[in-house]
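Naming convention: chains lettered A, B, ... in sequence-line order (proteins, then strands); numbering from 1 in each chain. Side chains are part of it too, since the values below use all heavy atoms of this structure and drop only hydrogens, waters and symmetry mates. Small disclaimer: the values here were computed from a predicted structure and weren't measured.
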Protein chains: 2
Amino acid sequence: MKLYQLYERKQSVLREMMLQDIQIQSNTLPKLENHNIGGYSFSMVLDEKPKSQWMYSVPLNKIYIRMNKAFNVDVHFKSKMPIQPLNLRVFLCFTNDVSAPVFRCQNHLSVDPLTANNAKMRESLLRSENPNSVYCGTAQGKGISERFSVVVPLNMNRSVTRTGLTRQTLAFKFVCQNSCIGRKETSLVFCLEKACGEIVGQHVIHVKICTCPKRDRIQDERQLDSKKRKSVAEATDEDEPAKVRRCTAIKTEDTESNDSRDSDNSAAEWNVSRTQDGDYRLTITCPKKECLLQSIEGMIKEAAAEVLRNPNQENLRRHANKLLSLKKSAHELP
Amino acid sequence: MKLYQLYERKQSVLREMMLQDIQIQSNTLPKLENHNIGGYSFSMVLDEKPKSQWMYSVPLNKIYIRMNKAFNVDVHFKSKMPIQPLNLRVFLCFTNDVSAPVFRCQNHLSVDPLTANNAKMRESLLRSENPNSVYCGTAQGKGISERFSVVVPLNMNRSVTRTGLTRQTLAFKFVCQNSCIGRKETSLVFCLEKACGEIVGQHVIHVKICTCPKRDRIQDERQLDSKKRKSVAEATDEDEPAKVRRCTAIKTEDTESNDSRDSDNSAAEWNVSRTQDGDYRLTITCPKKECLLQSIEGMIKEAAAEVLRNPNQENLRRHANKLLSLKKSAHELP
DNA sequence: TCAGAGGGCATGCCCAAGAG
DNA sequence: CTCTTGGGCATGCCCTCTGA
């Protein structure tokens, strides 16, 4: 090894040590879990319009969507001082094998003409509809920063409110189906990143790209429901704590862990009343927004379970979607 | 138009006129019918071994085969004086659209590495397992001599008998499935050609390349059977000639037309007897081989219909296959 | 009249059971 | 114990029907 090579190597080792924290995050394999390590209250709401070409299953936390159809996500996060630009890195990975790269199939690649400056994008199964999106990674990459991903800059200036809460709507689409890539299950990972690459928040959504989103969603939900019923039945047969089991089952579905969340509910005020029209009204008052969000989250989970129990009742589904909108509104509160 | 162009055009018109007969045959779209224009008694037998990975449906004249598995055909033809080398040109085309070219799918192409001298073969969905096979045609070609095809030289010297009957076993396989090419039905066309390209005989076999040959064959045969039953029932409801209808239906399946076949049966001697073991024996005697072949053909059709009526009885299937072997032996008679 | 939805089919693929 | 076979599922796609 020549001298200058040794020198460069030493320099690079120093740099590596300095960047170690970031490297550990972004050069290791992705993990399919939600977190808010940076304390940015990173969260997202799937904005399923009535006429939209895709569906979101609340109980399964899963998008069902046709190829080449766009879906919207509302990204929320709290700005922190000093204000700095943040990016959203999004990539697809196999739910049961995060180390395997996700490629487009040759058949769809071949009908996507290669032009002067679309080489990177062309290889990406995930497409961002937002301007200024950058396609990163290589076919060999396994770590978060090396694998194929789309990085979308989040415009701080445009949508930040006085309270420091930022909200932005993004749109994505897929240009292959799950059947193209061996019918393996896939998940979409959203990483909130600082400009230096540090990951300060992560959110995961399961994805199925197929030709009959509705059919497949109903199928999956029915299956999940029968599993739940079965586990409940077994638990009841064996011994008492059926409810505990059930809760555990629900918990494992949702791996959310928000490090900056305050779980203290002691100061909450709860109230149910009857309106003059005969409707029922629930009022809750919390000292902290997080508490409110947590409550709504719980309502959503319950609604999701109800949807599962009665898959054909559209009004239950509407109820769940209303709760999602409520969550969105809550996020936007100052 | 410039002068030299006019000249070249004139020359080419002359050449074209001279080659017109051949051009008409080989540069027009293929037709999915059997013929023996050249009087070579061209015919073939599908030699389905007990352990073979493919199946031949007699009533449907259709091969069911897995991708990448080879099947055998025995080619028969009568040598004519003066003896000259003949070729067998084989190609696949869409049963319902003979003008459309048949390509391999990009997915399978991409796992078939391109080497120095396999470019033509790589693009061909049909592969010949025989030595000295030549891959012809272009992706744009529509006519018989221009589209993708494999030409196999028939070795006259090796297998010709004293009587002038030539028999040769060939093997082919497919490297894509029907599902790869839009799930459209396909047919395999065998053209017996003189060295100059003149087509002197043609034989067509329907092909389905799939993962479950047995299931799909049974499915297709069941469907054909129900169609026949229905048409028979309708005919019976309407008026008398049910049998005629049925025969017509069978006829339309088999488009064979042998120009050199002698249909005169007047000199045939028919005899049925009982052996000492109690078996029944049928003896037929004909002055001409063609007559014998024709009789066997009729028995095959009847057996095929019986297979259709009782799809699960393997002995009927064996019976049909025995008849096929009989046909093969008859072909080999001096 | 046309597009979206629902039902049904076609077909690759996986898994359990049986045979050599 | 491994290979084959049958059954069943997953999923793209087509056809028909109905509502705007």
Quiz item: Distance only, no hydrogens: is a donor on one side chain within 3.5 Å (strictly under) of an acceptor on the other, for A:Asn118 and A:Thr115?
Solution: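 The criterion, which ignores hydrogens and geometry beyond distance, is satisfied for A:Thr115 and A:Asn118.
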Quiz item: Does A:Phe94 have A:Lys184 sitting over its ring (NZ/CZ under 6.0 Å from centre, angle to axis within 45°)?
Solution: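 Yes, A:Lys184 sits over the ring of A:Phe94.
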Whole angstrom value for the distance that separates [atom2] of [N] from [atom1] of [X]:
X	N	atom1	atom2	result
B:Gln177	C:dA10	CD	C1'	13 Å
B:Asn107	C:dG12	CG	C1'	13 Å
B:Tyr64	C:dT11	OH	P	10 Å
A:His108	D:dG12	NE2	P	10 Å
A:Ile181	C:dC13	CD1	P	15 Å
A:Asn178	D:dG12	CG	C1'	13 Å
B:Asn68	C:dG12	CG	C1'	15 Å
B:Arg183	D:dC14	CZ	P	9 Å

Quiz item: In Å, rounded to the nearest 0.5 Å, how long is the span from CG of B:Asn107 to OG of A:Ser110?
Solution: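 B:Asn107 CG to A:Ser110 OG: 8.0 Å, rounded to 0.5 Å.
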Quiz item: What's the spacing between A:Leu92 CG and A:Leu125 CG if we round to 0.5 Å?
Solution: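 With rounding to 0.5 Å, CG (A:Leu92) is 6.0 Å from CG (A:Leu125).
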Exercise. Answer yes if the ring centres of A:Phe174 and A:Phe71 are under 6.0 angstrom apart, and no otherwise.
Key: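 Yes, the ring centres sit under 6.0 Å apart.
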Quiz item: Can a side chain N or O of A:Ser179 be found less than 4.0 Å away from OP1 or OP2 on D:dG12?
Solution: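 For A:Ser179, the contact criterion (side-chain N or O under 4.0 Å from OP1 or OP2 of D:dG12) is met.
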Quiz item: Under 4.0 Å between a side-chain N or O of B:Lys208 and OP1 or OP2 of C:dT11?
Solution: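 So the side-chain polar atoms of B:Lys208 do come within 4.0 Å of the phosphate oxygens OP1 or OP2 of C:dT11, strictly under.
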Exercise. Can you sort out the partners of A:Thr211 under side-chain hydrogen bond (donor to acceptor under 3.5 Å, both in side chains), two or more places apart, ordered by chain and number?
Key: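 For A:Thr211 there are no side-chain hydrogen bond (donor to acceptor under 3.5 Å, both in side chains) partners, ignoring immediate neighbours.
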Distances under 3.5 Å only, N/O to N/O: pair up the protein atoms with those of nucleotides 3-8 of chain C.
from  : atom 1 : to       : atom 2 : distance (Å)
C:dG6 : OP1    : A:Lys214 : NZ     : 3.1

